[in-house]
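Heads up: the structure comes next, in structure tokens.
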Amino acid sequence: MNNQIETIKCDVDVNDSFTSIRSKEDCDIVKWCCENIETLRENLYKTGLLHFSGFGVIDPELFKEIASIFCGELYEKNGEHVNLPTVSGVQNPVFYAPDEKLLWHNENSFNFTWPKVICFGCQKKATSGGDTPIVDSRSVYNMVSQTAREAFEEKGITYIRLYQKNIGLSWKKVYEVDNEEELERLLESEDTDYEWYSDGSLRTWSRRPAVIPHPVTGEKSWFNQALHWHTACLVPEVREAMLLSFGTDNMPRGCCFGDGTTIPDEMILDIMRIYEEQELVIPWRVGDFFIVDNILKAHARN
């Protein structure tokens, strides 16, 4: 195979932010991706995002077939996503308040395992909003302050979660297990500490890296979900109400540095500002899809 993508069927444009692939004529997208997979992967490692437009991919089975070319076996171990009942390995978006932004993150980076590549598709366009902003995690790493970069890189992040009755998803749903013994074995295998309380509540602590090198390019990437877990990122009125209800020590979610010390609010807010300034928004069209390197790019939802 030569070093150039066969463009008879598609127009391909590679820039610093993403690789754009547009349907030029009737194209068997599965066959075309298979024939050009090596060069497509090279572009994915370079830009972190392949944007396919005009191919009309709305069938979940076709979407899965394309995703499998890039991902191999699809990652299904995520109890917080809603699986399609008819197509394994393909999920609908997680529920989130439609008038709030789902902040930038690398998928499942708070877990022991996570997908290296993720795929997004548009089966139905939102009447307003619903975009999937993308941010280059390498740029975030380079732009955060030296103080923050050194602290996060050295200490990592500890994600803390409190599972309480009738508040959020249960641990059975999240971990997809049926009993406490099975859960404890799973938590121990995933390097997660835990504590049971007399009322049946469960608290977990998971220390994870905040920065990792890409396994192919070696580039360092800001790879975490601190913005999802730190209370400074909550809408002010929501944060105030939750702190009033639960108190600082009993919030459903929270995070600190890996050594247990506090991550300052101002540090987190400065990182959030960097994400906001760096985000790229490509408006969805029905049938479009993204192939995203989960280490090189973070994503959000408007």
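All figures in this text were calculated on a predicted structure; none of them were measured in a lab. We're numbering straight along the sequence, starting at 1.
- Between the side chain of Ser20 and the backbone N or O of Asp13, no donor-acceptor pair lies under 3.5 Å.
- Residues Trp284 and Gly130 share a closest heavy-atom pair of CD1-O, 3.5 Å.
- Judged by distance alone, with hydrogens and angles left aside, the side-chain atoms of Asn294 form a donor-acceptor pair with the main-chain N or O of Pro115 at under 3.5 Å.
- When atom types are taken as modelled, the side chain of Asn15 and the backbone of Ser17 share a donor-acceptor pair closer than 3.5 angstrom.
- In this structure, Ile295 and His214 approach most closely via the heavy-atom pair CB-CD2, 4.0 Å.
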* Decide yes or no on side-chain contact (heavy atoms from CB on, under 4.5 Å) for Ile282 and Asp288, but give the supporting numbers first. => CA-CA 10 Å; Ile282 304 173; Asp288 285 5; over 6 Å; no
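- Every side chain to side chain donor-acceptor pair (under 3.5 Å) that Thr113 has, sequence neighbours left out, goes to Tyr75.
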Review item, side-chain donor-acceptor pairs of residues 232-239, under 3.5 Å, at least two apart:
| from | atom 1 | to | atom 2 | distance (Å) |
| --- | --- | --- | --- | --- |
| Arg239 | NH1 | Asp265 | OD2 | 3.4 |
| Arg239 | NH2 | Asp265 | OD2 | 3.0 |

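- Here Tyr45 sits in one hydrophobic cluster together with Val216; the rule is ILVMFWY side chains under 4.5 Å apart, joined directly or through other members.
- Note on residues 100-115: pairs passing salt bridge (charged side-chain N to carboxylate O under 4.0 Å, His left out), not counting sequence neighbours, are Lys101-Glu279.
- Within the hydrophobic cluster formed by Ile, Leu, Val, Met, Phe, Trp and Tyr side chains joined at under 4.5 Å, directly or through other members, Val177 is accompanied by Tyr163, Leu169, Trp171, Val174, Tyr175, Leu183, Leu186, Leu187, Tyr194, Trp196, Leu202.
- With respect to Asp136 and Lys297, a salt bridge is recorded, a charged nitrogen being found less than 4.0 Å from a carboxylate O.
- Judged by distance alone, with hydrogens and angles left aside, the side-chain atoms of Asn108 form no donor-acceptor pair with the main-chain N or O of Asn111 at under 3.5 Å.
- To the nearest 0.5 Å, atoms CG (Asn36) and SG (Cys10) are separated by 8.0 Å.
- Side-chain atoms of Thr262 do not come within 3.5 Å of backbone N or O of Pro264 as any donor-acceptor pair.
- For the residue pair Lys64/Ser88, the side-chain donor-acceptor check at 3.5 Å is satisfied.
- Residues Asp293 and Leu44 share a closest heavy-atom pair of N-CD1, 3.8 Å.
- Residues passing the side chain to side chain donor-acceptor pair (under 3.5 Å) test with Ser206, sequence neighbours excluded: Thr192.
- The ring pair (Phe, Tyr, Trp, His ring centres under 6.0 Å) check on Phe63 picks up nothing, with sequence neighbours excluded.
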* Report the C-alpha separation of Ser68 and Leu74 in whole Å, then their side-chain angles, then the decisive distance to 0.1 Å, and conclude whether the side-chain contact (heavy atoms from CB on, under 4.5 Å) test is met. => CA-CA 7 Å; Ser68 298; Leu74 299 188; 4.0 Å; yes
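- Here the closest non-hydrogen pair linking Leu162 and Gln164 is CD2-NE2, 3.3 Å.
- Lys220 meets the salt bridge (Lys or Arg N to Asp or Glu O under 4.0 Å) test with Glu153; sequence neighbours excluded.
- Relative ring orientation between Phe290 and His51 is described as perpendicular, the plane-to-plane angle rising above 60° on a 0-90° scale split at 30° and 60°.
- Crowding of Glu190 atom CD: a count of heavy atoms from other residues, nucleotides or ligands under 6.0 Å exceeding 12.
- For His81 (side chain) and Pro93 (main-chain N/O), no donor-acceptor pair under 3.5 Å exists by modelled atom type.
- Leu102 forms part of a hydrophobic cluster together with Val94, Tyr96, judged by ILVMFWY side-chain heavy-atom separations under 4.5 Å.
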Taking only distance into account, with no hydrogens and no angle test, what donor-acceptor pairs under 3.5 Å do side-chain atoms of residues 241-255 form with protein atoms, sequence neighbours excluded?
| from | atom 1 | to | atom 2 | distance (Å) |
| --- | --- | --- | --- | --- |
| Ser245 | OG | Ala241 | O | 3.0 |
| Asn250 | OD1 | Arg203 | NH2 | 3.2 |
| Arg253 | NH2 | Glu80 | OE1 | 3.0 |

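- Ser109 contributes a side-chain N or O that, together with a main-chain N or O of Asn106, makes up a donor-acceptor pair within less than 3.5 Å.
- Residues Leu84 and Pro60 come closest through the heavy atom pair CD1-CB, 3.7 Å.
- Taking Glu277 as the reference, Arg273 meet the side-chain contact (heavy atoms from CB on, under 4.5 Å) condition, with sequence neighbours excluded.
- Using a 4.5 Å cut-off between side-chain heavy atoms of Ile, Leu, Val, Met, Phe, Trp and Tyr, Val135 falls into a hydrophobic cluster with Leu103, Trp104, Phe110, Val140, Tyr141, Met143, Val144, Phe152, Ile157, Tyr159, Val211, Trp222, Leu227, Trp229, Phe257, Ile263, Met267, Ile268, Leu269, Ile271, Met272, Ile274, Tyr275.
- Between Cys33 and Ile69, the closest heavy-atom pair is CB-CD1, 4.0 Å.
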